[in-house]
Colleague: 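First the structure, which I've put down as structure tokens, then a few questions once you've had a look.
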Amino acid sequence: QVQLVESGGGLVQAGGSLRLSCAASGDVRQFFTMNWYRQPPGKQRELVATLTSGGRITYGEPVKGRFSISRDNAKNSWDLQMNSLKPEDTAVYFCYGNLSPYAGGYWGQGTQVTVSS
């Protein structure tokens, strides 16, 4: 059973930066895709960023140019660097990884990010 644990959330002022990390219980290189989602208060969960095993990266429109996803093989984790944060980035951030395009994946428990104006 794969386990994912997020860390790095917190409270930051608008314009600031945070770095989230998603630690996997096994070798991070086994993942087919590595993703970050977020769920703002009262809204649906949305995709923030995806990194595939082949190195392809995509971002949601609201975060393009400000957020960056990367993988750390040594730490068996994938990270989300968030710069120029805005109050509308306030959400619970979840990591999600799947081992195959044909099977379900695994969610972390979520970490709160709050951006004050």
Side-chain angles (χ1 to χ4, degrees):
Q1 181 75 5
V2 173
Q3 291 185 329
L4 303 177
V5 179
E6 300 99 335
S7 62
L11 174 64
V12 64
Q13 288 189 332
S17 298
L18 280 176
R19 188 176 184 88
L20 305 182
S21 185
C22 177
S25 58
D27 191 341
V28 71
R29 291 171 294 183
Q30 67 182 318
F31 286 92
F32 180 70
T33 69
M34 294 150 280
N35 308 271
W36 285 98
Y37 284 78
R38 68 185 183 185
Q39 187 163 14
K43 296 184 179 181
Q44 291 189 338
R45 196 171 295 189
E46 61 181 9
L47 180 61
V48 174
T50 296
L51 170 61
T52 71
S53 57
R56 182 184 178 194
I57 294 176
T58 56
Y59 296 100
E61 283 295 330
V63 307
K64 281 184 178 178
R66 300 188 297 122
F67 290 13
S68 176
I69 188 171
S70 61
R71 186 178 75 184
D72 189 330
N73 293 339
K75 296 181 180 179
N76 285 321
S77 69
W78 62 91
D79 298 343
L80 185 69
Q81 177 66 40
M82 306 185 295
N83 298 326
S84 302
L85 283 161
K86 305 175 181 180
E88 51 264 45
D89 294 318
T90 294
V92 179
Y93 284 71
F94 299 88
C95 61
Y96 172 82
N98 63 337
L99 306 180
S100 163
Y102 310 110
Y106 303 88
W107 289 95
Q109 82 288 353
T111 186
Q112 177 70 46
V113 171
T114 302
V115 184
S116 63
S117 57

Colleague: Parallel, tilted or perpendicular, judged at 30° and 60°: which one describes the rings of Trp107 and Phe94?
Modeller: perpendicular
Colleague: Between atom CE of Met34 and atom CG of Leu80, what is the distance when rounded to the nearest 0.5 Å?
Modeller: 13.0 Å
Colleague: OG1 of Thr114 to CG of Leu85: how many Å apart, nearest 0.5 Å?
Modeller: 11.0 Å
Colleague: Whether the side chain of Trp78 engages the backbone of Ile69 through a donor-acceptor N/O pair (distance < 3.5 Å, no angle test) should be reported.
Modeller: no
Colleague: Run Leu11 and Gln112 through side chain to side chain contact (heavy atoms under 4.5 Å, CB included) and show every step you take.
Modeller: CA-CA 8 Å; Leu11 174 64; Gln112 177 70 46; over 6 Å; no
Colleague: Please report the interatomic distance OG(Ser68) to CD1(Ile57), rounded to the nearest 0.5 Å.
Modeller: 6.0 Å
Colleague: Would you please test Asp72 and Ser77 for side-chain hydrogen bond (donor to acceptor under 3.5 Å, both in side chains) and show each step?
Modeller: CA-CA 5 Å; Asp72 189 330; Ser77 69; 4.8 Å; no
Colleague: Per the side chain to side chain donor-acceptor pair (under 3.5 Å) rule, which among Thr52, Thr58, Thr50, Asn98 passes with Thr33?
Modeller: Asn98
Colleague: Can you say whether the rings of Tyr37 and Tyr96 are parallel (under 30°), tilted (30 to 60°) or perpendicular (over 60°)?
Modeller: perpendicular
Colleague: I want to check something: taking the side chain as every heavy atom from C-beta on, are Ser53 and Phe32 in contact at a cut-off of under 4.5 Å?
Modeller: yes
Colleague: Atom OG of Ser7 and atom CZ of Arg19: how far apart are they, to the nearest 0.5 Å?
Modeller: 10.5 Å
Colleague: Can you sort out the partners of Lys43 under side-chain hydrogen bond (donor to acceptor under 3.5 Å, both in side chains), two or more places apart, ordered by chain and number?
Modeller: none
Colleague: If I compare all heavy atoms of Leu4 with all of Cys22, which pair ends up nearest, and what's the gap?
Modeller: CB-SG, 3.8 Å
Colleague: Kindly compute the distance separating CD (Gln44) from CD (Gln39), expressed to the nearest 0.5 Å.
Modeller: 8.0 Å
Colleague: Checking Asn83 side chain against Ser17 main chain: does a donor-acceptor pair fall under 3.5 Å?
Modeller: no
Colleague: Please step through side chain to side chain contact (heavy atoms under 4.5 Å, CB included) for the pair Phe31 and Leu99, ending with a clear verdict.
Modeller: CA-CA 4 Å; Phe31 286 92; Leu99 306 180; 3.6 Å; yes
Colleague: To the nearest 0.5 Å, what is the distance between CG (Leu18) and OG1 (Thr111)?
Modeller: 9.0 Å
Colleague: Donor-acceptor pair, Asp79 side chain versus Ser70 backbone, under 3.5 Å?
Modeller: no
Colleague: For the pair Glu6 (side chain) and Gln109 (backbone), establish whether a donor and an acceptor sit closer than 3.5 Å, ignoring hydrogens and angles.
Modeller: yes
Colleague: Do the side chains of Met82 and Tyr93 get nearer than 4.5 Å, heavy atoms only?
Modeller: yes
Colleague: Quick check against the 3.5 Å criterion: does Ser25 have a side-chain atom that pairs as donor or acceptor with the backbone of Val2?
Modeller: no
Colleague: Could you go step by step and tell me if Asn35 and Leu47 meet the side chain to side chain contact (heavy atoms under 4.5 Å, CB included) rule?
Modeller: CA-CA 8 Å; Asn35 308 271; Leu47 180 61; 4.1 Å; yes
Colleague: Tell me, with the steps shown, if Glu46 and Arg38 meet side chain to side chain contact (heavy atoms under 4.5 Å, CB included).
Modeller: CA-CA 5 Å; Glu46 61 181 9; Arg38 68 185 183 185; 2.5 Å; yes
